[in-house]
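Chain identifiers are assigned alphabetically (A, B, ...) following the order of the sequence lines, protein sequences preceding nucleic acid strands; residue numbering begins at 1 within each chain.
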Number of protein chains: 2
Amino acid sequence: MRLFLERGFEGTTVAEVAEAAEVSSMTVFRHFPTKEHLVLQDDYDPVIADRLRHRPAGEPVLHRIAASILDGLAELPPDPRLLLARTRLILYTPALRARVWENNHATQQVIVAALPDDDPFEVQVAASACLAVATTVMVRWAETDGHADLRELMAEALAVVTR
Amino acid sequence: MRLFLERGFEGTTVAEVAEAAEVSSMTVFRHFPTKEHLVLQDDYDPVIADRLRHRPAGEPVLHRIAASILDGLAELPPDPRLLLARTRLILYTPALRARVWENNHATQQVIVAALPDDDPFEVQVAASACLAVATTVMVRWAETDGHADLRELMAEALAVVTR
DNA sequence: CCCATTGTGTTAGTCACTAACAATTGTTAC
DNA sequence: GTAACAATTGTTAGTGACTAACACAATGGG
């Protein structure tokens, strides 16, 4: 991340990352399948899944997922600078931007697995919509340089879909 | 497309595509910025934008976008085999799957531009949600080998978000 | 102490993609 | 018809992500 922030993602080669980490390039690729994976790992899938399981089953699927995503924000580290830097990096790097859907798709599967009692297609649809909204919010938040209240923004955006 | 369908996307080199088209590799890259672009061009952005502009302004943004996407399906060619093949190719090729968000993001911008009188953030949020739903529907449709009624599926899925 | 497992390095290669320049074709002006 | 110009294409040589194959250490258990 340090190198990427200093020189940009495309301006940094995997060989340089490897050298800075004092390993060979080969070793980097053994731990991260692609260069993009060095940036694009997020740890919030299990958080969301966990929140999902603790929701009353009466609510519509869409509401449960939206609420879980919103609640999950509480797990973010208090200092959002790293998150902001990462989001900006993703936002301005085509190769990274492109992988976002792949990431959301993986999260979708986790959500579907966490709600075995609901119609899988409906869950998939609701999850993809909510995650798209969440992504849009992150982009918007990064565009305000992190000055906007992330939770407030997320609540407002999810309301567009859940109301 | 013929080569990609015969040998798979990763199993076909750009050099082979170039040879089949009787041009040099360089020429291919001058017309298509990446190998993925050979598959991932869709012509429905202007269709959707057009439908959007002919909607009554009274409706909520989300409904207008959803309805336009649904209406836009009418413009699809009557024989869906090519669309099905393309969707399948995208679905099973990680490199292509990854680019989907990039595509949807471009469509989002088109939608925002087509609705200059509405709150851009709300439009962005609604558009990203609807497009994510549409993508999920295409995936599902491809998984049924095109046997499902695409329009019906799309209507059902969009209803999850608009109801 | 031996052996199997695991992690790592090395090398050589493929392939997407770029930059620079040369060759070709098409188009317009005269 | 031809000269001047622009647009398109080809060629070459390169960079960099990523893979496959094999050799070499380190670790840990019997």
B:Asp145 (side chain) donor-acceptor with B:His147 (main chain) under 3.5 angstrom
no
Give a yes/no on whether any side-chain N or O of A:His31 is located under 4.0 angstrom from OP1 or OP2 of C:dG7.
no
Give a yes/no answer on whether the side chain of A:Ser25 brings an N or O atom under 4.0 Å of OP1 or OP2 in D:dC18.
no
Taking atom P of C:dC15 as reference, at what distance in whole Å does atom CE of B:Met26 sit?
18 Å
Value for CG (A:Leu73) from CE (A:Met154), rounded to nearest 0.5 Å, stands at 4.5 Å
Which of residues 5-24 of chain B have a heavy atom under 4.0 Å from DNA chain C?
B:Thr12, B:Thr13, B:Val14
Separation of B:Phe29 atom CZ from D:dT8 atom P, in whole Å?
19 Å
Quick one: salt bridge (charged side-chain N to carboxylate O under 4.0 Å, His left out) partners of B:Glu75, sequence neighbours excluded?
B:Arg51
Under a 4.0 Å N-O cut-off, is there an ion pair linking B:Asp118 with B:Arg64?
yes
Of B:Arg30 and B:Lys35, whose closest DNA chain C nucleotide lies nearer the 5' terminus?
B:Lys35
Write down the atom of A:Ile65, the atom of A:Ala127, and the distance for their closest heavy-atom approach.
CD1-N, 3.8 Å
Have a look at A:Thr34 and say if it touches a base, only the backbone sugar-phosphate, or nothing, with a 4.0 Å heavy-atom cut-off.
sugar-phosphate
Greater than 12 external heavy atoms within 6.0 Å of B:Glu22's CD:
no
